[in-house]
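Down below is the structure, laid out as structure tokens.
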Amino acid sequence: MSTATLEREAVTPRKKTAASQIPMTRIVGVELRKMFDTRSGFWLMMSVGIAAVLATAATLIFAPRDELSYGSFAGAIGVPMTIILPMIAVLAVTSEWSQRTGLTTFTLVPHRGRVFTAKLVGTLVVGVTSIAIAFAVGAVGNVVGSAIAGVDTSWDISLGNAATILLADALGMLMGFMLGVLFRSSAGAIVGYFVYALALPAAFEALSAYQDWFHDHRGWLDFNFASSALYDSGLSGTEWAQVGVSGFFWLVLPLAIGLRMVLRSEVK
């Protein structure tokens, strides 16, 4: 190689190659692993299966023999699920601030929208898996309970009803996710969820009893009340519309506000 060629290569700057973007599947995998890595996260995940087994055992012991059905087991398991699953969604978001890992996370993946998309996907994956496990445990309990009681096994939940139950639990997880994004504090988001799930329904029930206008339009204003219809089979078109309208104001709009705040705020 001539001296002129070497001088020309030394003067000419090399073209920079763009760094390859981290695949979304890898980010989702990391977020899923972060849910299990801590001791509290591990036992919170384990509590899903433990609660399903305990609820099934309680149904076998205390439920009347003539009322043993798949719906009884699913209803008993669904009570702890409505509490545990939203807590998982809350901690999936707020752990970045409570454990002070946000600076590292958003340095490795500067596009915060991709991080929160991965958190949302991971949360829904955990939720769907947990609900599937709960359904399976309930099915085993139904078969065992029927055999012990000497009655026919009753499968009184259709596939359509199972799908709406799955949707209702997923909406509960999304509510926890939204509160985590909005408050970015584990304590604040958890308190906010219990206010939404326990205090507000009691207040709205009292308001519905004394105010006819609220009683007639409660499904359009109370998302908790509207989404509870998903646990029953055969929703009407009006009930689906009420879930959509109330969900927009209670879930979609606050989530959009929270995401905008997160994307624009400074991470310390």
Side-chain angles (χ1 to χ4, degrees), residues 28-63 70-99 101 118-145 157 162 164-199 201 224 227-228 230-231 251:
V28 172
V30 170
E31 293 300 329
L32 283 170
R33 190 165 66 248
K34 285 160 68 174
M35 292 183 182
F36 292 89
D37 276 351
T38 63
R39 190 173 301 174
S40 60
F42 172 78
W43 284 109
L44 187 61
M45 296 295 180
M46 289 294 294
S47 66
V48 173
I50 294 171
V53 172
L54 292 177
T56 301
T59 304
L60 286 172
I61 295 171
F62 298 109
Y70 191 42
S72 301
F73 289 97
I77 294 173
V79 174
M81 292 297 106
T82 58
I83 299 175
I84 297 173
L85 294 180
M87 297 304 102
I88 294 175
V90 165
L91 296 178
V93 178
T94 59
S95 60
E96 298 291 355
W97 284 266
S98 61
Q99 299 175 17
T101 59
K119 288 182 181 294
L120 179 59
V121 172
T123 298
L124 292 177
V125 168
V126 170
V128 171
T129 305
S130 301
I131 296 167
I133 293 173
F135 274 133
V137 172
V140 173
N142 188 31
V143 173
V144 173
I157 294 182
T164 56
I165 291 173
L166 176 63
L167 177 59
D169 289 335
L171 289 175
M173 290 198 76
L174 289 176
M175 181 60 66
F177 186 86
M178 179 274 292
L179 291 170
V181 172
L182 199 60
F183 288 99
R184 282 169 285 167
S185 165
S186 300
I190 290 173
V191 170
Y193 180 77
F194 281 112
V195 169
Y196 163 79
L198 300 177
N224 202 345
S227 60
S228 64
L230 294 170
Y231 291 102
L251 180 60

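Keep in mind that the numbers below use all heavy atoms, side chains included, and drop hydrogens, waters and symmetry copies.
Taken to the nearest 0.5 Å, the CE atom of M178 stands 14.0 Å off from the CE atom of M173. With values rounded to the nearest 0.5 angstrom, T164 atom OG1 is found 10.0 Å from D169 atom CG. Note that CZ of F135 is 4.5 Å distant from CD1 of I165, once rounded to the nearest 0.5 Å. Rounded to the nearest 0.5 angstrom, M175 CE and L182 CG are separated by 10.5 Å. The distance from the CD1 atom of I83 to the CD1 atom of I88 is 12.5 Å, given to the nearest 0.5 Å. Once rounded to the nearest 0.5 Å, the distance linking OG1 of T94 with CZ of F177 reads 11.0 Å.
Residues I133 and V48 are not in side-chain contact: their nearest non-hydrogen atoms beyond the backbone lie 4.5 Å or more apart. Considering only heavy atoms from C-beta on, V121 stays 4.5 Å or farther from L32 through its side chain. Within the 4.5 Å cutoff, side-chain heavy atoms of L60 are placed close to those of F73.
The heavy-atom pair separating S130 from L85 by the smallest distance is CB-CD2, 3.8 Å. The two residues A55 and A76 come nearest to each other via the heavy atoms CB-O, 3.6 Å. Shown here for A89 and G176, the closest heavy-atom pair between the two residues is CB-C, 4.0 Å. Taking all atoms of both residues into account, the shortest heavy-atom contact from L171 to S227 is CD1-CB, 4.5 Å. Smallest separation of non-hydrogen atoms from S186 and L91: OG-CD2, 3.7 Å.
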Would T56 and V144 count as a side chain to side chain contact (heavy atoms under 4.5 Å, CB included) if you check the C-alpha gap in whole Å, the side-chain angles of each, and the deciding distance to 0.1 Å? CA-CA 10 Å; T56 301; V144 173; over 6 Å; no
CA sep, side-chain torsions, deciding dist, call: L179, V93, side chain to side chain contact (heavy atoms under 4.5 Å, CB included): CA-CA 9 Å; L179 291 170; V93 178; over 6 Å; no
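Pairs engaging residues 175-184 under the side-chain hydrogen bond (donor to acceptor under 3.5 Å, both in side chains) rule: R184-S265 [sequence neighbours left out].
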Side-chain donor-acceptor contacts of residues 122-129 below 3.5 Å, not counting sequence neighbours, with atom names and distances?
residue: T123; atom: OG1; partner: K119; partner atom: O; Å: 2.7
residue: T129; atom: OG1; partner: V125; partner atom: O; Å: 2.8

